[in-house]
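Owing to the predicted nature of the structure, the values given are computational and were not obtained by experimental measurement.
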Amino acid sequence: MHKFSICQNSVEAILDAIKTMQPRPKRLPSAHVVTGRMRRIISQFLESAYAALIQDTPAAGFKLKITEVPITAKCLAYG
């Protein structure tokens, strides 16, 4: 369920950004979301939530691009 709230926040940010653009765009090609693997977000669920949330909004029709950032770590003991 947290995927829906994450997506809802993203859609709200997109809609807020559209409101500030002058002239206001009639259509944007896509929205881009970057997630880390540790967030345990399944892309298909995020895409489904996104599709539901953008219906009947100025963002309707935007494609969602999801980039998943791999987990990286550095051992501080060995620099």
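Of all non-hydrogen atoms in Ile54 and Phe62, the two that sit nearest each other are CD1-O, 3.9 Å. When every heavy atom of Cys7 is checked against every heavy atom of Leu53, the shortest pair comes out as C-CD1, 3.8 Å.
In this structure, the side-chain contact (heavy atoms from CB on, under 4.5 Å) partners of Thr67, at least two apart in sequence or on a different chain, are His32, Val34. Judged as a side-chain contact (heavy atoms from CB on, under 4.5 Å), and not counting sequence neighbours, the contacts of Ser43 are Ile66.
Put simply, CD1 on Ile14 and OG1 on Thr57 are 8.5 Å apart, with the number rounded to the nearest 0.5 Å.
Under a cut-off of 6.0 angstrom, the local environment of CG in Asn9 is crowded, with over 12 non-hydrogen atoms contributed by other residues, nucleotides or ligands.
One hydrophobic cluster, built from ILVMFWY side chains closer than 4.5 Å, holds both Leu15 and Val33.
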